[in-house]
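First the proteins, then the strands, lettered A, B, ... as listed; each starts at 1.
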There are 2 protein chains.
Amino acid sequence: MSEEKDAVDAITAQWFAVRPELDTAPMAVFGRIYRIAKAMGDAMEERYQRFGISRGEFDVVATLRRSGAPYTLSPRQLSATLMLTTGGMTGRLDKLEKAGLLCRKPDPHDRRGLQVTITDRGLELVDEAVTAGLEVQRAALTGLSDEEVAQLTGLLRKLLAGI
Amino acid sequence: MSEEKDAVDAITAQWFAVRPELDTAPMAVFGRIYRIAKAMGDAMEERYQRFGISRGEFDVVATLRRSGAPYTLSPRQLSATLMLTTGGMTGRLDKLEKAGLLCRKPDPHDRRGLQVTITDRGLELVDEAVTAGLEVQRAALTGLSDEEVAQLTGLLRKLLAGI
DNA sequence: CATAAGTAGCTTAGCGGTAAGCTATTTATC
DNA sequence: GATAAATAGCTTACCGCTAAGCTACTTATG
């Protein structure tokens with residue numbers, strides 16, 4: 001029934017030893033969220049590396065892919081979606097364009113703007129990469145039943161909504 | 001009963017539209033975990049800024065604080081605990097020492113090593129900062145009942161254990 | 001005891017991000 | 001229609017991290 005103690009339990013226990021009046025319940029939640037995010041982020045980074053792209057670069061082509069045909073968005077739309085500054089976006093687009101996974105074309109309706117589109121090669125790569133990435137995530141969830149995953153999803157949605 | 005749709009729901013719906021055969025359940029979990037980690041990380045960063053330190057620097061003095069008297073650890077122990085390279089640790093210690101929140105002394109038992117200790121000022125600051133940080137986290141959890149927080153903690157512990 | 005291997009902490013180069021500032025272009029206002 | 005304000009994307013300076021290499025010192029091995 002009871003779960004194993006983990007590193008976060010050890011940290012909350014340490015805090016209780018030196019500051020027993022603190023309510024450590026929040027750090028039991030967020031401490032684990034930070035650790036899961038970091039560990040999974042590293043794992044995803046490693047997996048995408050096999051496709052020659054970083055996790056951030058994957059996010060760009062994946063955003064274009066899931067936007068549907070004609071797989072075209074502006075740098076502005078991409079940087080807004082990915083919560084990235086335009087400077088950061090420029091760098092990612094430079095790399096992906098150089099790798100032949102997408103191309104930048106002038107926006108015919110706004111001469112300030114660009115249209116970013118996935119190439120055929122980019123489309124093929126992102127379709128493989130998203131499948132591979134989901135497999136890594138799915139494997140990380142094997143310890144939980146389908147019902148627990150659904151429960152966790154609901155609690156996380158509720159938590160995220162309140163932030 | 002049913003929760004509001006959020007940005008992650010929109011993303012999974014987009015994927016379903018273009019790749020209906022994908023099982024998007026994992027990204028419903030990890031997508032939210034990434035977003036919560038980022039949003040809370042930013043919020044904590046902002047809160048600690050009021051104490052003149054970054055989140056990473058807080059983690060250093062907090063680790064020393066919760067280690068208990070005499071609040072002394074080696075740079076090696078700190079970088080291992082914080083999952084940081086020694087190079088990164090050097091930088092954080094430089095800043096904190098310069099700010100007068102900790103001091104480095106030679107390890108009397110090992111002339112390669114150092115002993116890092118919180119100063120009185122550092123101790124005072126970290127005790128205020130940890131309280132303030134917990135308050136930010138507690139506020140983020142107000143949408144969840146105590147039972148839900150406990151449930152979420154258990155599910156996250158289980159998930160983290162399997163990664 | 002000599003020496004090889006391992007360890008502690010620091011330095012440097014490089015990477016990917018932000019913030020701020022730039023030019024070119026579009027939109028709103030008079 | 002002139003002009004002020006807003007917007008798109010890029011560039012630059014900087015920041016914090018990692019990876020790799022360094023010196024100083026300690027531990028293990030013959």
**OP:** Rounded to the nearest angstrom, tell me the gap between atom CD in A:Glu45 and atom P in C:dC15.
**Re:** 14 Å
Original post:
When you measure from the side chain of A:Thr119 to the backbone N and O of A:Gly122, does any donor-acceptor pair fall under 3.5 Å?
Top reply: yes
Original post:
Judged by atom type as modelled, is there a donor-acceptor pair below 3.5 Å linking the side chain of B:Asp127 to the main-chain atoms of B:Glu124?
Top reply: no
Subject >> Distance in angstrom units between A:Arg111 CZ and C:dT27 P, rounded >> reply: 12 Å
Subject >> Residue B:Arg112, side-chain heavy atoms: nucleotide from C:dA24, D:dG9, C:dG6 that is nearest >> reply: C:dG6
**OP:** Measure the distance from CD on B:Glu97 to C1' on C:dC10 and round it to the nearest whole Å.
**Re:** 13 Å
Original post:
Within 45 degrees of the axis of the six-membered ring of A:Phe30 and under 6.0 Å from its centre: does B:Arg55 put its NZ or CZ there?
Top reply: no
Original post:
Just checking B:Gly88: base, sugar-phosphate only, or nothing, at a heavy-atom cut-off of under 4.0 Å?
Top reply: base
**OP:** Rounded off to whole Å, could you give me the NZ-to-C1' distance for the A:Lys95 and C:dG17 pair?
**Re:** 11 Å
**OP:** Could you tell me the separation between the CZ atom of A:Arg76 and the C1' atom of C:dA24, rounded to a whole number of Å?
**Re:** 14 Å
Original post:
NA contact type, A:Ser54, heavy-atom cut-off 4.0 Å: base, sugar-phosphate, or nothing?
Top reply: nothing
**OP:** Answer with base, sugar-phosphate or nothing: what part of the nucleic acid does A:Arg55 contact at a heavy-atom distance below 4.0 Å?
**Re:** nothing
